[in-house]
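Positions are given from 1 along the sequence.
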Amino acid sequence: MKIFCLIAEFNPFTFGHKYIIDKVKSEHTNAKIVAIMSGDYTLRGEVAIFDKWKRAKSAVKNGVDLVLELPAIFVLNGADVFAKNSIEILKSTGIFENLFFGVEHEDVNYIKTAASFLKSSKLFSEKFDSNLSFNEFARQKIKTVTGIYPESNDMLGILYTGFLPESTNIFPIKRIVSDYNSANNSGYAASPIRQEIISKNIEVHNKNENYYTVVKLKLLSENSNIKLSEANISRIKKAAFIADSYDEFIELAYHKRLTKSKIKRETLKLAIDMNENWQYFYKTTFIRPLAASEDGRQIIKQIAKTNDLILNYKNLNKLSKKSRELFYYNEKFTELYHAFYDKIPHTDRTKNVFNNK
């Protein structure tokens, strides 16, 4: 079997995900899909619409063979941290040779050139227009170098590629029907699907609105610990003081240099007490399957020789001290998610994917 890896959130699983998975399987004989997926929180700074177990099972039903978890601390610290640590965990499996991802521009040379530029440039030390976010500044610089303006999925693909070992093959696949931020509910973009789920209350779900009271209390307390500039802290505190809802708070707080996603991530981290610097855990990994097909279980057997693999609670004893620390740190955030989700208190949500218990 030939294994192809994917970095995703499946929040929720869409026709767009299905399309790129089916395309890989149709173009590569006996291709098997391993996805690393954010757990109960997402890169946009939102709580996931369904918990990680449900989203992982949905992915397996739709063609993914094995879903691994990306710990929350690597999800809620921005796209570069999300990309870098997803790659680190995939590398630790020992089976990582191929990465595919959806993009707006599927030219491999474009993705590699842009990734090489970001790695070698000194963007972080450059001064840029005060009306731009750093993300927009980087995109415009990439356009200057390549002639192509990178859209949202392009940027993620470029970041992934920049952190890959040179031997890794990349397979950018052009997205179809809807873009990343589309409001059109075609079934291909996740945002309008989430909005429909929330508006119809189809199933118990988790929304940032549920956390807003905690966010407001912590922001307005004397000891608010949030990693933003003093000017931005003052701005979001003022917004929290007068806003009656989470959505109103975000609208009042954001500006061109402080994106909505950044505000959501930083305030959600504040609400759930994610105080640890992600760099403390950099290159600390555990391999935690959330769901697997029959072929996925065979893949698990290939990576079983690593001490990082967690199939059940007793496997934690094999982990390094720091990996165990990361696992329990991550469990704390899972517990907080479920306090607002299904109110079922569990201190161990490790499940054996071989019997789905």
Side-chain angles (χ1 to χ4, degrees), residues 7-11 35-48 52 55 68-92 101 115 118-119 123-125 133-139 152-153 155-164 180 206 208 211 214-215 218-219 224-230 232-233 236 250 253-254 257-288 322-323 325-337:
I7 301 170
E9 295 200 294
F10 301 137
N11 187 42
I36 182 162
M37 184 191 81
S38 52
D40 295 314
Y41 305 90
T42 74
L43 181 56
R44 288 183 181 220
E46 298 175 354
V47 287
K52 59 193 174 191
R55 292 177 8 256
L68 306 176
E69 179 178 7
L70 179 64
I73 194 169
F74 300 142
V75 177
L76 290 178
N77 276 287
D80 57 337
V81 177
F82 177 92
K84 182 183 298 185
N85 289 280
S86 294
I87 298 300
E88 284 298 318
I89 293 173
L90 288 173
K91 283 165 54 180
S92 73
F101 42 83
L118 282 187
K119 283 181 69 176
L123 292 184
F124 288 95
S125 62
S133 66
F134 178 80
N135 181 273
E136 180 60 25
F137 172 68
R139 291 188 194 198
S152 297
N153 287 280
M155 278 301 293
L156 283 173
I158 289 165
L159 285 173
Y160 300 154
T161 303
F163 294 123
L164 289 174
Y180 183 77
N206 211 327
N208 282 50
Y211 291 74
V214 181
V215 167
K218 290 202 172 185
L219 275 176
S224 177
N225 180 22
I226 188 165
K227 296 176 177 63
L228 292 172
S229 68
E230 289 187 14
N232 281 330
I233 290 173
I236 65 173
I250 296 298
Y254 98 100
R257 288 286 303 276
L258 182 64
T259 65
K260 292 181 180 181
S261 291
K262 177 71 170 177
I263 298 168
K264 288 179 179 181
R265 285 194 298 268
E266 293 303 320
T267 56
L268 182 55
K269 284 159 57 180
L270 184 68
I272 63 177
D273 287 327
M274 186 181 282
N275 298 318
E276 194 70 68
N277 189 323
W278 73 267
Q279 291 176 323
Y280 173 75
F281 288 115
Y282 180 45
K283 293 194 175 182
T284 303
T285 59
F286 57 76
I287 302 168
R288 187 190 201 181
K322 207 164 188 179
S323 291
E325 186 179 349
L326 175 60
F327 176 85
Y328 286 118
Y329 192 57
N330 193 59
E331 284 295 276
K332 179 182 83 167
F333 305 127
T334 295
E335 288 303 305
L336 289 171
Y337 176 94

Notebook entry, point to check: Do the side chain of Y337 and the main chain of K52 share a donor and acceptor less than 3.5 angstrom apart?
Noted result: no

Check: Is there a donor-acceptor contact under 3.5 Å linking the side chains of N277 and K227?
Finding: no

Next item on the list: Measure the spacing between CD1 of I226 and CZ of R265 and express it to the nearest 0.5 Å.
Entry: 11.5 Å

Check: Does some side-chain heavy atom of L270 sit less than 4.5 Å from a side-chain heavy atom of V215?
Finding: no

Item checked: Donor-acceptor contact below 3.5 Å, side chain R55 vs main chain F10 -> yes

Item checked: Gap between atom CZ of R257 and atom CD of E136 - 0.5 Å precision -> 12.0 Å

Next item on the list: State the CG-CZ distance between L76 and F82, to the nearest 0.5 angstrom.
Entry: 10.5 Å

Next item on the list: Compare every heavy atom of L70 with every heavy atom of S86, then report the nearest pair and how far apart it is.
Entry: OG-CD2, 3.3 Å

Notebook entry, point to check: Taking all non-hydrogen atoms of both residues, which atom of A79 and which atom of L156 are closest, and how far apart?
Noted result: CB-CD2, 4.2 Å

Item checked: Among I89, N85, L326, the one residue meeting side chain to side chain contact (heavy atoms under 4.5 Å, CB included) with T285 -> I89

Item checked: K332 atom NZ, neighbour heavy-atom count above 12 within 6.0 Å -> yes

Margin query: With rounding to the nearest 0.5 angstrom, report the CD to CD1 distance, E69 to I287.
Written below: 12.5 Å

Next item on the list: State which residue, out of N232, I233, L258, L228, fulfils the side chain to side chain contact (heavy atoms under 4.5 Å, CB included) condition with E266.
Entry: L228

Note to self: Quick check: do I87 and L164 have side-chain heavy atoms less than 4.5 Å from each other?
What the structure shows: yes

Notebook entry, point to check: In terms of side-chain geometry, is the basic nitrogen of K322 or E325 positioned less than 4.0 Å from the acidic oxygen of its partner?
Noted result: no

Next item on the list: Test side chain to side chain contact (heavy atoms under 4.5 Å, CB included) on L43 and S38 and set out the steps.
Entry: CA-CA 8 Å; L43 181 56; S38 52; over 6 Å; no

Notebook entry, point to check: Do the side chain of Y41 and the main chain of F333 share a donor and acceptor less than 3.5 angstrom apart?
Noted result: yes

Checklist line | Shortest non-hydrogen contact between A115 and G162, atoms and distance | finding: CB-N, 3.7 Å

Item checked: Polar side-chain atom of K264 near backbone of N208 as donor-acceptor pair, under 3.5 Å -> no

Item checked: A48 versus G39, closest heavy-atom pair with distance -> CB-O, 4.1 Å

Check: Atom NZ in K269, atom CD in E276: separation rounded to 0.5 Å?
Finding: 11.5 Å

Checklist line | Interatomic spacing from CZ in F327 to OG1 in T284 - rounded to 0.5 Å | finding: 15.0 Å

Next item on the list: Check the pair D273, L336 against side chain to side chain contact (heavy atoms under 4.5 Å, CB included), reporting the backbone distance first and the verdict last.
Entry: CA-CA 10 Å; D273 287 327; L336 289 171; 5.9 Å; no

Notebook entry, point to check: For the side chain of T42 and the backbone of E46, is there at least one donor-acceptor N/O pair under 3.5 Å apart?
Noted result: yes

Next item on the list: For residues N330 and P71, report the shortest heavy-atom separation together with the two atoms involved.
Entry: OD1-CA, 3.4 Å

Margin query: Testing F74, Y329, F286 one by one against F281 for a ring pair (Phe, Tyr, Trp, His ring centres under 6.0 Å), which residue passes?
Written below: Y329

Check: Just by modelled atom types, is the I272 backbone N or O under 3.5 Å from a matching donor or acceptor in the Y211 side chain?
Finding: no

Next item on the list: Go through the steps for T161 and F101 under the test side chain to side chain contact (heavy atoms under 4.5 Å, CB included), then give the verdict.
Entry: CA-CA 10 Å; T161 303; F101 42 83; 3.8 Å; yes

Item checked: Closest heavy-atom pair and its distance - N77, D80 -> O-OD1, 4.0 Å

